[in-house]
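Counting starts at 1 for both ligands and their atoms, following the listed order. Keep in mind that the numbers below use all heavy atoms, side chains included, and drop hydrogens, waters and symmetry copies. Keep in mind the model is a prediction, meaning the values are calculated, not measured.
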Amino acid sequence: MSFSKNLKNKAKKVWEDGYNHPFVQELGKGTLDKEKFKFYLLQDYVYLLEYSKVFAAAMIKSEDEEMLARLSSILHSTLVDEMQVHRKYMQEFGITKEEVENVKASLFNRAYTANMLAVAQKGDLVETLATVFPCAWTYSNYGKRLKEQYKDILENNFYKSWIDMYSGEAFEQSFEWFFDAVDKLVENKSQEEKEKIEDIFISSVEFEYMFWDMAYKKEMSYNLSK
Ligand SMILES: Cc1ncc(CN)c(N)n1
């Protein structure tokens, strides 16, 4: 199995914990509290703005035209295509443009995106790809699994648009070039350097789990009552 394909196995436990998180499962069943989803939606909108900047940072580290074009394309699809789902739900929730522009990132959201941007600032191209790889890959994997697992109730699921988006071919095609790109970029890396790339990837899968948890608890900061 290639280095890039094996990254999912390196993060197996937290990857599956993420799929089995109540937020993800209740989204698949259509039973997720809409206030939890609304909280997620607004935090995710802010997240995507920061996430897209990591691709810009990766472009600066790129040497060939094909990589530049692919990074430019996923940056564009993140801000335009992927955000269409967010805009559609915001309209349905009656969330105004002003409300969206005044959304504050939660403490955890800021920690997640700050980590990715720090990796992008300090790391090389493959480390930068490794920090955003799980964001796309987990969503595509979870979307496809939810679509299959809950196919009998998908039609009437309020969250159908979300599932359709992330289970779709277009979303998968937006990042599937990562596999070959990462495998090529690690060809001359030492075992120690490869383990660092694996750790960066695993950290983002862990951050993804925490994002579901933050949204499910609608946590803007640490829990004052603790
Ligand atoms: C938190 C998060 N992670 C990943 C994705 C998929 N780009 C997203 N929309 N939001």
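K88 NZ: more than 12 foreign heavy atoms inside a 6.0 Å radius.
With a heavy-atom cut-off of 4.0 Å, L48 touches ligand 1 through its side chain alone.
Summary of contacts: the protein heavy atom closest to atom 3 (N) of ligand 1 is E208 OE2, 2.7 Å. Distance from atom 1 (C) of ligand 1 to its nearest protein heavy atom, with residue and atom name: D44 OD1, 3.4 Å. From the protein, the heavy atom lying nearest to atom 9 (N) of ligand 1 is E82 OE2, 2.8 Å.
Note: F171 and Y166 have perpendicular aromatic rings, judged against thresholds of 30 and 60 degrees for the angle between ring planes. Under the 30°/60° scheme for interplanar angles, the aromatic rings of Y216 and H21 are found to stand perpendicular.
No donor-acceptor distance shorter than 3.5 angstrom exists from the side chain of E26 to the backbone of F23, with no hydrogens or angles considered.
For ligand 1, the polar-atom distance check finds no N/O of H86 at less than 3.5 Å from any of the ligand's N/O atoms.
Residue contact check for ligand 1: F207 places no non-hydrogen atom closer than 4.0 Å to it.
Annotation for ligand 1: atoms under 4.0 Å from non-hydrogen atoms of C135 are 4 (C), 5 (C), 6 (C). For ligand 1, the atoms lying closer than 4.0 Å to a non-hydrogen atom of Y166 are 9 (N).
Here the options are V126, D124, T131, the test is side chain to side chain contact (heavy atoms under 4.5 Å, CB included), and the partner is I197; only V126 passes.
K147 and D164 are joined by a salt bridge, as a carboxylate oxygen and a charged side-chain nitrogen come within less than 4.0 angstrom of each other.
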